[in-house]
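Working notes, beginning with the structure itself.
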Amino acid sequence: MKRRILLVLCAAMSIMAMAQNTRMVQGVVFNEADVPMEGVTLSSVDFPASCVTGENGTFQLYVSPYAQKIQASMEGFISQTAEIDGSYMVFKLKVDREYVRRKALAEAAARQAAEQEASAKAKTEEEARLAAERATTTMAYAEQKEYNAWSAEESAQPSINSPKRRYRFVSVGVPVIRGGTGYPFSYTEGVFNQSGNLFLGRGLDYTSISHTEEGDKPDWEKERSEEKQIGIYGNGKLFLPTKRFRPFISLSLGVSWKQISSYEYVISDGNYADSNYAGLGLYSKAEIGLLINILNSFGVYTSFDCKNLGDFFSFNLGVAF
């Protein structure tokens, strides 16, 4: 258990160091038909930093504050370089037709050589093969029939609990205990260990809540507050080793940007007083919940969490896929 806690703390410290010494560049890569491209490598031209686009063609790359250019490259396409100007970067890669032509010629030559070799080998072994086939026709038929029956039985087995190691957790919550209004949202992605009871990942959390003082005062005299937080964190989840119903505990640590505003009516002078705070800080969230596996690649879960946003508690509903 201590080792798991140390791993989570190290992940949090790494994220904090990265946020201080780098800046994040975001963007998307399309092909000539404006279709998002997965697997494109984005790299800093001036300093060592790289990443690969996901399924929707988007990327997030942390680079040195002094980096000036980003290059997008992929086998079979012409590389493209663009300057970092702080905006959302868009790349459109063109097919390298000369590369495609050379590759097609090489594949055709390889196929021809393989066909010639196979033809020569078949000619020398033809007599022996035909004799062996005649001697084993009956046995081969029986074995094939037995194999087909076994294969059909295996295919009929349900795959509801087949192992899947990479997961994404997405949830929306509602405030409880403290009250107020708001809908916190969180997205976490990562992998399970081999036994499937420990999950390690990273994620993004957004919380925006407003709270009005309770009591008998008129609404215009009550103190109001608005709080917003965006957190980037490392996450660890520990699951009980069950199949369909899986209770879990979770801890997230990272960095956050907070903005806290409050408004209060001052009876003595009849005016409003307000205060505002905005800045970076530590992000932490403790969570307990229950995951229900529906299919091998999909599940739903419910959880209760507490985060360091004015001791904010929320009840969450989410999906895992």
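No experiment lies behind these values; they were computed from the predicted model shown. FYI, side chains are in, hydrogens and waters are out, and symmetry mates aren't considered; it's all heavy atoms of this structure.
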Open item on the list: Check for me whether the distance between the ring centres of Phe298 and Phe321 falls short of 6.0 Å.
Closed with: no
Open item on the list: Working note: Ser314 + Lys307, criterion side chain to side chain contact (heavy atoms under 4.5 Å, CB included); need CA distance, chi angles, decisive distance, verdict.
Closed with: CA-CA 9 Å; Ser314 66; Lys307 58 172 67 76; 4.3 Å; yes
Open item on the list: Please report the interatomic distance OG(Ser284) to CG(Leu251), rounded to the nearest 0.5 Å.
Closed with: 8.0 Å
- [ ] Consider only side-chain heavy atoms of I, L, V, M, F, W and Y, link residues closer than 4.5 Å, and tell whether Leu295 and Ile292 are in one cluster.
- [x] yes
Open item on the list: How close do Met74 and Val40 get, counting heavy atoms only, and between which atoms?
Closed with: SD-CG2, 3.7 Å
Open item on the list: Rounded to the nearest 0.5 Å, what separates atom OG1 in Thr188 from atom CG in Asp205?
Closed with: 8.0 Å
TODO: List the atom of Asn56, the atom of Val28, and the distance in Å for their closest heavy-atom pair.
DONE: O-CG2, 3.9 Å
Open item on the list: For Asn308 and Lys258: C-alpha separation, side-chain torsions, deciding distance, then whether side chain to side chain contact (heavy atoms under 4.5 Å, CB included) applies.
Closed with: CA-CA 10 Å; Asn308 65 328; Lys258 297 181 181 179; 3.6 Å; yes
Open item on the list: Any non-hydrogen side-chain atom of Ile70 less than 4.5 Å from a side-chain atom of Phe91?
Closed with: yes
Open item on the list: Give me the atom names and distance for the closest heavy-atom approach of Leu61 to Ala49.
Closed with: CD1-C, 3.9 Å
Task: Test side chain to side chain contact (heavy atoms under 4.5 Å, CB included) applied to Glu227 and Gln259, step by step - done: CA-CA 6 Å; Glu227 304 177 30; Gln259 181 179 3; over 6 Å; no
- [ ] Mind checking the CG-CG spacing from Leu238 to Asn193? Nearest 0.5 Å is all I need.
- [x] 9.0 Å
Task: Ile84 side chain near Arg23 side chain, heavy-atom distance below 4.5 Å - done: yes
TODO: Measure the spacing between CG of Asn293 and CZ of Arg244 and express it to the nearest 0.5 Å.
DONE: 7.5 Å
Task: Side chains of Tyr99 and Glu75 in contact at under 4.5 Å (non-hydrogen atoms) - done: yes
Task: Short side-chain donor-acceptor distance under 3.5 Å, Asp46 and Ser64 - done: no
Open item on the list: Is it the case that over 12 heavy atoms from other parts of the model lie below 6.0 angstrom from the CD atom of Glu107?
Closed with: yes
Task: Tyr88 atom OH: more than 12 heavy-atom contacts under 6.0 Å - done: yes
Open item on the list: With heavy-atom distances below 4.5 Å as the criterion, would you say the side chains of Phe59 and Val29 are in contact?
Closed with: yes
Task: Gap separating the CG atom of Leu253 from the OG atom of Ser256, nearest 0.5 angstrom - done: 11.5 Å
Open item on the list: Would you say Phe185 ends up clustered with Val300 if hydrophobic residues are merged whenever their side chains have heavy atoms under 4.5 Å apart, either directly or through other cluster members?
Closed with: yes
Task: Common cluster, Val63/Val45, ILVMFWY with side-chain heavy-atom separation under 4.5 Å - done: no
- [ ] Report yes or no: do Phe47 and Val52 belong to one cluster of Ile/Leu/Val/Met/Phe/Trp/Tyr joined by side chain heavy-atom distances under 4.5 Å?
- [x] no
TODO: Taking atom types as modelled, find out whether Thr41 and Ser73 have a side-chain donor-acceptor pair closer than 3.5 angstrom.
DONE: no
Open item on the list: Rounded to the nearest 0.5 Å, what separates atom CG in Leu290 from atom OG1 in Thr302?
Closed with: 7.5 Å
Open item on the list: Between the side chains of Arg101 and Glu98, is the shortest nitrogen-to-carboxylate-oxygen separation below 4.0 Å, so that they form an ion pair?
Closed with: yes
TODO: Spell out, yes or no, whether Leu93 and Val35 are grouped together once hydrophobic residues are joined by side-chain heavy atoms under 4.5 Å, including indirect joins.
DONE: no
Task: Expected output: side-chain Thr53 to main-chain Gly39 donor-acceptor under 3.5 Å - done: yes
Open item on the list: Looking only at side-chain N and O atoms, does Gln60 offer a donor or acceptor that is under 3.5 Å from a partner on Tyr62?
Closed with: no
- [ ] Over 60° means perpendicular and under 30° means parallel, so classify the ring planes of Phe192 and Phe239, tilted if in between.
- [x] tilted
- [ ] Name the orientation class of the two ring planes belonging to Tyr233 and Tyr283 (parallel below 30°, tilted from 30 to 60°, perpendicular beyond 60°).
- [x] parallel
Task: Sub-4.5 Å side-chain heavy-atom contact between Ser171 and Phe169 - done: no
TODO: Search all heavy atoms of Val170 against all heavy atoms of Tyr187 and return the closest pair with its distance.
DONE: CG2-CD1, 3.5 Å
Open item on the list: Is there a side-chain contact between Trp257 and Leu280 in this structure, where contact means two heavy atoms from C-beta onward sitting under 4.5 Å apart?
Closed with: yes
Task: Side chains of Pro36 and Phe30 in contact at under 4.5 Å (non-hydrogen atoms) - done: yes
Open item on the list: With side chain to side chain contact (heavy atoms under 4.5 Å, CB included) as the criterion, how do Asn316 and Glu287 come out once you've worked through the C-alpha distance, each side chain's angles and the decisive distance to 0.1 Å?
Closed with: CA-CA 10 Å; Asn316 311 292; Glu287 183 178 15; 4.2 Å; yes
Task: salt bridge (Lys or Arg N to Asp or Glu O under 4.0 Å) partner of Arg129, chosen from Glu125, Glu127, Glu133 - done: Glu133
- [ ] Would you please say whether a donor-acceptor pair under 3.5 Å links the side chains of Ser195 and Asn197?
- [x] yes
- [ ] Kindly say whether the aromatic ring centers of Tyr167 and Phe199 come within a distance under 6.0 Å.
- [x] no
TODO: Write down the atom of Gln80, the atom of Lys92, and the distance for their closest heavy-atom approach.
DONE: OE1-O, 2.9 Å
TODO: Quick one: do Asp85 and Ser87 satisfy side-chain hydrogen bond (donor to acceptor under 3.5 Å, both in side chains)? Show the steps, please.
DONE: CA-CA 6 Å; Asp85 57 5; Ser87 64; 2.6 Å; yes
Open item on the list: What I'd like to find out is whether the side chain of Asn235 reaches to under 4.5 Å of the side chain of Lys285, using heavy atoms alone.
Closed with: no
